[in-house]
Structures are given as C-alpha cells and as structure tokens.
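Have a look at the structure below before the remarks.
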Amino acid sequence: MTGRSAASQPISGLPWQVSRAEFIAAAREVENGGACCMFVIDSSIPQAARSGYAALVIAYARAEEPVCIFSDGSAALLIRDGGVDSAQVVARRIFEQMKRLALEGTLRAGIAALDDDPAATLDAARAAAEGADAGGTAVAA
C-alpha cells in the first residue's frame, strides 16, 4: 500500500489497514448498501494509548473490511454490504468487546450511509461519532 499520508500512517500494522485515499477508493467501488462506521476515542485517553484502540477496532472488524486509522487514533471501517444496519451490528460487537475490557465508555461510534461522495460520508460519520454519547453510537441524518 503506497501513498500513505502522515494523517493515516499505520499505527498498528494489522491487516486491512488502509490509507484515507485507499479507503475512499474502496468506498467508490461499493455499488449498493455500503456504510462507514467511525470510532473516535475520548480526549481523556493519552495519545500513546490510542494505537491499542485502533488495533482493537481492526481485530473486531469483519474480515477484509478496510479500516483507515487516523493520527488521532480514530478509525473508520468500511462496511461494504448491509448498509447502516450492518454497521450498527459491527459497532455493537466492538462495544461488547470493549466492555469486556471496561473501555466502552472511552469510545464513540458514528455511522453514515455511503453515498456518491465517500469523503463526505467519512466526515458525516466522524461528526456523528463526535456527537454520540460515550459508549454509544449515532447515525448521521
């Protein structure tokens, strides 16, 4: 994977991690029923601890669903099939795993249905996540 920007340098080096440009390109290939699920980390979590969150999101994501990890530790997961409903299932699964580690309250999720502008979808999912309650999920309107 080439052309990684400083904003999406690999934190964990785990499979399925892609750059923002690669994420957007993959999203453009989704013909129908896609979504973006964005996970943001509470500001109380030190930067040094954020790579662990990104690794957990990748580990609990569906196989071969691209994940873009940003420099702030937030992670966007591309849902290729099932749209918002599938993204909500994935978010619940990740929160259930985080709960086992007593970390669910330090993460928020936002979901946006994929449309013709994947970059705008990423922005909408981030905005929804930033507006969600701690340990909760919000769906962009």
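In this chain, residues are counted from 1 in sequence order.
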Side chain to side chain contact (heavy atoms under 4.5 Å, CB included) between D123 and R126, intermediate numbers included: CA-CA 5 Å; D123 293 342; R126 178 179 290 278; 5.8 Å; no
Between [X] and [Y], which heavy-atom pair has the shortest distance, and what is it?
| X | Y | value |
| --- | --- | --- |
| L78 | A27 | CD2-N, 3.7 Å |
| R50 | S43 | NH2-CA, 3.5 Å |
| L114 | V30 | CD2-CB, 3.6 Å |
| A91 | T137 | CB-OG1, 3.8 Å |
| A109 | A132 | O-CB, 3.7 Å |
| P66 | V18 | CB-CG2, 3.9 Å |

Heavy-atom side-chain proximity of [X] to [Y] below 4.5 angstrom:
| X | Y | result |
| --- | --- | --- |
| S74 | M38 | yes |
| V90 | I79 | yes |
| F23 | C36 | yes |
| D116 | R28 | no |
| L107 | D42 | no |
| Q97 | L101 | no |

Single-linkage hydrophobic cluster M98~V67, side-chain heavy atoms < 4.5 angstrom: yes
Shared hydrophobic cluster, I111 / F39 (ILVMFWY, side-chain heavy atoms < 4.5 Å): no
Cation-aromatic face contact R108/F95, 6.0 Å, 45 degrees: no
Side-chain (E22) to main-chain (S19) donor-acceptor, under 3.5 angstrom: yes
Check: S86 side chain, D81 main-chain N or O, donor-acceptor pair, under 3.5 Å: yes
Spatial distance of atom SG (C68) from atom CG (L77) [nearest 0.5 Å]: 11.0 Å
